[in-house]
Amino acid sequence: MEDTPKSVWARWIWLTVLLIALPLAGCGAPPTASPPAVVPTESPAATMIPSPTAPRSPTPSSSLQGTVAIWLDWSPAELAGLQQAIQRFRQAHPRVEFELVYVPSDGLRPAFEEAAAVGEGPTLLFGPAEWGPGLFLAERIQDPSGSLLPGLRETLHPLAWSQVSYRGITVGLPLEFHGVVLYRNASLAPETPDSVEELVEQAAALRGGDLVGAALDFGFLFSGAQLSPCESRFFDSAGQFILPGDEGICWLNLLRTLSGSGPSVFNSDEDLNFFLAGRSAWLIDTTHRLDAIRQALGNTVAQIDPWPLYPPSGGALTGYVWSENVYFNAAARGPDLEAAVAFVTFLLLPDTQRLLSDPAGARHLPVALDLEIDDPLLARALQVVRGGQPRPLALDLDAYRSPLLTAVRLVVAGGGEPELALQLAVQEILSGTGTPTPTASATRTPSSTPTPTRTLTPSP
């Protein structure tokens, strides 16, 4: 007998779930014992997390009620910060109850999709920006924009909104920033390079013995935004692919120059391992690595540099930026949805964003405008991220990413000519999207005037 979607989800939850929840206290409930610490495990099990009890003397003025169920994969430090935020929210709205369920990262989205497919699951899902378009088109989540307070958009950084906007639809709300930054080992490279050439020269001077100079990753996540110094992007604000011309050749020449810093890596942790071992002076990686790098190198040695300039174009390198989002279950209705919207709005207030950015706590990079962080390394990460490029939300990103990565490999690792590499990538992209073969103008020698770009509409 085949499993229905509902029975599959029910089996996943009830055969693997570890229930350690304490009953949620209602309005005016007596104090309870402190909940046990929640430590995510390696097993694919969901874990109910005890929620703060309502205040002993509830505020009578709030009529908001309902239950906000949240599924997430946050770390213990992040969960502790969220618990504090819930406690503050319930001081004003004691009739709102919370159910928190930790699910390991690999199982979070599949569990949510199976539950939402049958009208069940949590009110809110916390997950990366890249999930938004697919979940929305599959009708697993809903657009919350109609319930938002006027003026909320203006309080958040525009880059954060780019990560919840898909084809004019608001698919979720941003909670925190992540991005690609340039780390530096200050014990190997005391000075910040001003240009790509200076970085390459300093790295080359360090080679010898165990030192490799600077091992850099040229995967698309780390190299795609480097089209920015060439005054272009691969995707516009609507998620449509922009066919590169002279700008693409400029991009490949930039990456070829940058590859002179040391070993070239393509979507592996080899560069990270070199950096953590003190063998590589620079590392291009995500802000997710910040804590591990700080722990390995120490506060004074671990640095984040501003992106260096690329003199041939006059622009500076940059990195992709994205957000951790909150998504509203398509099945959420009535008081539960109203309470969920109010709580997420509360999470985006400056005071709550400040709580979640506490260096001793969750250490989030806030999406609220003009909010600063005391920790120097986190503050530098936030500064760099705020100047980055939005990570594309195109559903068919692989149709473009794979051919472009092949072109990068051909130039960086194979010594190929940028013009030919770009031409091959363009032909593969256009044949894959059913668009006619491009004209020769797409692969001309770079000139002072950029070639006009063409826009392709991604397939649904």
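Predicted, not measured: the structure shown is a model, and the values here were computed from it. Just so you know, residue 1 is the first one in the sequence shown, and it goes up from there.
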Given side chains that start at C-beta, do those of [X] and [Y] come closer than 4.5 Å, heavy atoms only?
| X | Y | value |
| --- | --- | --- |
| Val408 | Phe266 | yes |
| Thr406 | Leu424 | no |
| Asp396 | Phe241 | no |
| Leu276 | Ile293 | yes |
| Pro312 | Glu197 | yes |
| Pro244 | Leu422 | yes |
| Thr345 | Val341 | yes |
| Leu297 | Asn185 | yes |

Would you tell me whether [X] and [Y] have side-chain atoms, one donor and one acceptor, within less than 3.5 Å of each other?
| X | Y | answer |
| --- | --- | --- |
| Tyr327 | Asn325 | yes |
| Arg88 | Thr352 | no |
| Glu324 | His178 | no |
| Glu428 | Ser431 | no |

Atom [atom1] in [X], atom [atom2] in [Y]: separation rounded to 0.5 Å?
| X | Y | atom1 | atom2 | value |
| --- | --- | --- | --- | --- |
| Leu173 | Leu152 | CG | CG | 7.0 Å |
| Tyr102 | Asp73 | OH | CG | 6.5 Å |
| Leu159 | Leu156 | CG | CG | 12.0 Å |
| Ile284 | Leu272 | CD1 | CG | 13.0 Å |

Between Phe234 and Trp251 (judged by ring centroids, cut-off 6.0 Å), do the two rings come close enough to count as a pair?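 Under 6.0 Å, so yes.
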
Exercise: identify the closest heavy-atom pair between [X] and [Y]:
| X | Y | result |
| --- | --- | --- |
| Ala407 | Ala421 | CB-O, 3.6 Å |
| Pro193 | Asp305 | CD-OD2, 3.6 Å |
| Pro306 | Thr192 | CD-CG2, 3.9 Å |
| Ser261 | Leu258 | OG-O, 2.9 Å |

Asp291 and Arg363 ion-paired at < 4.0 Å: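 Salt bridge: yes.
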
[X] side chain to [Y] main-chain N or O, any donor-acceptor pair under 3.5 Å?
| X | Y | answer |
| --- | --- | --- |
| Ser357 | Leu365 | no |
| Arg233 | Ala225 | no |
| Gln423 | Glu419 | no |
| Ser223 | Phe218 | yes |
| Ser165 | Ser162 | no |
| Ser232 | Ser228 | no |
| Glu78 | Ser75 | yes |
| Trp161 | Arg153 | yes |
| Thr170 | Gly172 | no |
| Ser187 | Val301 | no |

Name of the residue among Phe177, Phe126, Trp74 meeting ring-ring contact (aromatic ring centres under 6.0 Å, His included) with His364: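 Per the ring-ring contact (aromatic ring centres under 6.0 Å, His included) rule, the option paired with His364 is Trp74, out of Phe177, Phe126, Trp74.
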
Mind listing the side-chain donor-acceptor pairs of residues 367-377 below 3.5 Å, one per line with the distance, residues two or more places apart or on another chain?
residue : atom : partner : partner atom : Å
Glu372  : OE2  : Arg386  : NH1          : 3.3
Asp375  : OD1  : Arg294  : NH2          : 3.1
Asp375  : OD1  : Leu377  : N            : 3.2
Asp375  : OD1  : Leu378  : N            : 2.9
Asp375  : OD2  : Arg294  : NH1          : 3.2

Step by step, would you call Leu317 with Val196 a side-chain contact (heavy atoms from CB on, under 4.5 Å)? CA-CA 8 Å; Leu317 274 62; Val196 171; 3.3 Å; yes

Atom pairs and distances, donor-acceptor, side-chain atoms in residues 127-149, under 3.5 Å, two or more places apart:
residue : atom : partner : partner atom : Å
Glu130  : OE1  : Arg391  : NH1          : 3.4
Arg140  : NH1  : Ala138  : O            : 2.7
Gln142  : NE2  : Asn329  : O            : 2.7
Gln142  : NE2  : Ala332  : O            : 3.1
Asp143  : OD1  : Ser145  : N            : 2.8
Asp143  : OD1  : Ser145  : OG           : 2.7
Asp143  : OD2  : Ser145  : OG           : 3.2

Checking Arg289 against Tyr183: charged group under 6.0 Å from the ring centre and within 45 degrees of the axis?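 Cation-pi check for Arg289 and Tyr183: fails.
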
Take the angle between the ring planes of Tyr320 and Phe220 and call it parallel below 30°, perpendicular above 60°, tilted in between.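 Ring orientation of Tyr320 relative to Phe220: tilted.
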
Please enumerate all residues that pass ring-ring contact (aromatic ring centres under 6.0 Å, His included) together with Phe343, with sequence neighbours excluded.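 Phe343 satisfies ring-ring contact (aromatic ring centres under 6.0 Å, His included) with Phe89, Phe98 once adjacent residues are dropped.
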
